[in-house]
Number of protein chains: 2
Amino acid sequence: MAAGRVELDRIDLAILRALVFDSGLTNKAVASRLGLAESTCAYRLRMLREAGVIIGGRVKLNFSALGFPIQAIVKVRLESHNAEHVNNLYAKLTLVPGVIQAFHVAGEDDFHLHVAVESPEALRDLVLKHITNNRVVRQTETQLIFEARDGVGILADQPPAAR
Amino acid sequence: MAAGRVELDRIDLAILRALVFDSGLTNKAVASRLGLAESTCAYRLRMLREAGVIIGGRVKLNFSALGFPIQAIVKVRLESHNAEHVNNLYAKLTLVPGVIQAFHVAGEDDFHLHVAVESPEALRDLVLKHITNNRVVRQTETQLIFEARDGVGILADQPPAAR
DNA sequence: CTTGAAATTGAAGCAGG
DNA sequence: CCTGCTTCAATTTCAAG
């Protein structure tokens, strides 16, 4: 299920490219866009899922409309890099309400959290009550997000083993 | 279409909560999970889309399986903060192959790029050929991502105006 | 690996509570 | 605002090329 490396042809890539932009596309729509039979397209889609190439789909929400107009990146730096401490903290951080994504990184910082909150006060509370209150956290640094955009991703041009 | 603020009841929130974890759920599946009639669930879903609360869906890919096993955060700092320069650069950055997400942030850094690449060499090339080659870029700093996880997000607990 | 047609299942529309 | 029924569209299955 969690595959190591998968061989993909140009059709698979075309299917992925269509779906990365809009996971709501029906199988029929993808098939007709690519000039495939519906059953063929459905078959390849199922294979891509079973091979673990397509992990899942997440609906994209409008945070502002939901009353969470403020987004930020919170950089977290640790006191101790004991493996157990780091793992425990990581698990906790992903469960903090408002945390959209959590990156465990190498280098200057240890974690980068992408968060969305209701207000500046909520941002302060999130940092103080859920992050800096952990023993292993040495320091945090918060940067407001003016705007977040999706990039073209990895399917933009020819992949390593295109054929 | 692009709504300012939307009033949601607990049913709407339950629908969103289900879909954020798995956008592939059918309307029927969501309805039965919540004990709603299918048509009711479909109606509310359509409203959530029209209100702009649900923006769209993006399929989540397994970058490693696709041959892009290395992820990183590239912090970008600028020379000039002239509005036009910043906007032009932002547009360019989102089009760099491998850039999954681009954050325009306030504070120490100007942009944070989440990238996925084939190899360490590809990471170097991405930074040198697509980022630092821009006149307005003063400095970059790259942090390898050990692991990226999704957080619980904003629907974890009671929202601001739950009722 | 791909296909088209049959059978199953889900979505959309609508009148009524 | 919610529901059940009807109609229509999409997905799945499968035997065959």
Side-chain angles (χ1 to χ4, degrees), chain A residues 1 3-62 65-67 155 159 161-163, chain B residues 1 3-62 65-67 155 158-163:
Chain A
M1 184 171 168
R5 187 66 167 279
V6 181
E7 290 297 324
L8 300 175
D9 62 15
R10 74 182 59 186
I11 297 176
D12 292 309
L13 291 171
I15 292 173
L16 293 177
R17 216 168 280 138
L19 251 32
V20 165
F21 272 99
D22 182 3
S23 71
L25 285 177
T26 64
N27 173 64
K28 183 174 187 171
V30 176
S32 80
R33 178 178 304 192
L34 302 183
L36 295 173
E38 294 169 26
S39 45
T40 304
C41 191
Y43 171 76
R44 298 185 85 121
L45 255 175
R46 191 156 49 84
M47 286 308 165
L48 288 170
R49 285 184 200 284
E50 286 181 3
V53 173
I54 294 177
I55 296 176
R58 281 203 150 198
V59 151
K60 221 176 129 192
L61 299 179
N62 181 337
L66 284 162
L155 301 173
R163 46 175 186 164
Chain B
M1 184 172 164
R5 187 67 165 280
V6 182
E7 289 298 324
L8 300 175
D9 62 17
R10 73 182 60 187
I11 296 177
D12 293 310
L13 291 172
I15 292 173
L16 294 177
R17 215 168 282 139
L19 252 32
V20 165
F21 273 99
D22 183 3
S23 72
L25 286 176
T26 64
N27 174 63
K28 182 173 187 172
V30 176
S32 79
R33 179 177 302 193
L34 302 182
L36 294 174
E38 293 170 29
S39 44
T40 302
C41 190
Y43 170 77
R44 298 185 86 121
L45 256 176
R46 191 158 51 85
M47 286 308 168
L48 288 170
R49 286 183 199 284
E50 286 181 4
V53 173
I54 294 177
I55 297 175
R58 280 204 150 195
V59 151
K60 218 176 133 192
L61 300 179
N62 181 337
L66 284 162
L155 301 174
Q158 296 305 54
R163 44 174 187 161

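From a predicted model like this one, the values you see are computed outputs, not experimental measurements. Residue numbering restarts at 1 for every chain, and letters A, B, ... go by the order of the sequence lines.
Between the C1' atom of C/dT2 and the CZ atom of A/Arg10 lies a distance of 17 Å, rounded to the nearest Å. Rounded to a whole Å, the CZ atom of B/Arg44 is 18 Å from the C1' atom of C/dA12. Look at CG on B/Leu45: it is 9 Å from P on C/dA12, rounded to the nearest Å. The distance between atom CD of A/Glu38 and atom C1' of C/dA5, rounded to the nearest whole Å, is 11 Å. Atom-to-atom, OH of B/Tyr43 to P of C/dG13 comes out at 13 Å; the value is rounded to the nearest Å.
Nucleic acid contact class of A/Arg46 (heavy atoms, under 4.0 Å, all strands): none.
Remark: A/Thr40 OG1 to A/Arg44 CZ distance equals 8.0 Å, nearest 0.5 Å. Note that the CZ atom of B/Arg17 and the CG atom of B/Asp12 stand 11.0 Å from one another [nearest 0.5 Å]. Expressed to the nearest 0.5 Å, how far CG of A/Leu48 lies from CD1 of A/Ile54 amounts to 5.0 Å.
B/Ala18 and B/Leu25 get closest at one heavy-atom pair: O-CD1, 3.7 Å. Across all non-hydrogen atoms, the minimal contact from B/Ala31 to B/Glu38 is CB-CA, 3.8 Å. Looking at every heavy atom in both residues, A/Cys41 comes nearest to A/Val30 through SG-CG1, 3.6 Å.
Helix-axis bend for the helix from C/dC1-D/dG17 to C/dG17-D/dC1: the local axis fitted to the five terminal pairs at one end deviates from that at the other end by 30°, rounded to 10°.
Between the side chain of A/Arg58 and the main chain of B/Phe21, no donor-acceptor pair closer than 3.5 Å is present.
Residues B/Asn27 and B/Arg46 fail the side-chain proximity criterion, which asks for heavy atoms closer than 4.5 Å.
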- prompt: So A/Leu61 and B/Leu155, side-chain contact (heavy atoms from CB on, under 4.5 Å) or not? Walk me through it.
  reply: CA-CA 10 Å; A/Leu61 299 179; B/Leu155 301 174; 3.8 Å; yes
message: One pair to check against side-chain contact (heavy atoms from CB on, under 4.5 Å): A/Val6 and B/Asn62. What are the steps and the verdict?
response: CA-CA 10 Å; A/Val6 181; B/Asn62 181 337; over 6 Å; no
task: Under the side-chain contact (heavy atoms from CB on, under 4.5 Å) rule, what do B/Leu16 and A/Leu66 come out as? Steps first, then yes or no, please.
output: CA-CA 11 Å; B/Leu16 294 177; A/Leu66 284 162; 3.9 Å; yes
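The shortest distance between the side-chain N/O atoms of A/Thr40 and the OP1/OP2 oxygens of C/dT3 is below 4.0 Å.
Using a 4.0 Å cut-off on heavy atoms, none of the residues of residues 21-31 of chain A approach DNA chain C.
Taking 4.0 Å as the cutoff to heavy atoms of chain B, we find the contact window on DNA chain D bounded by D/dC2 to D/dG4.
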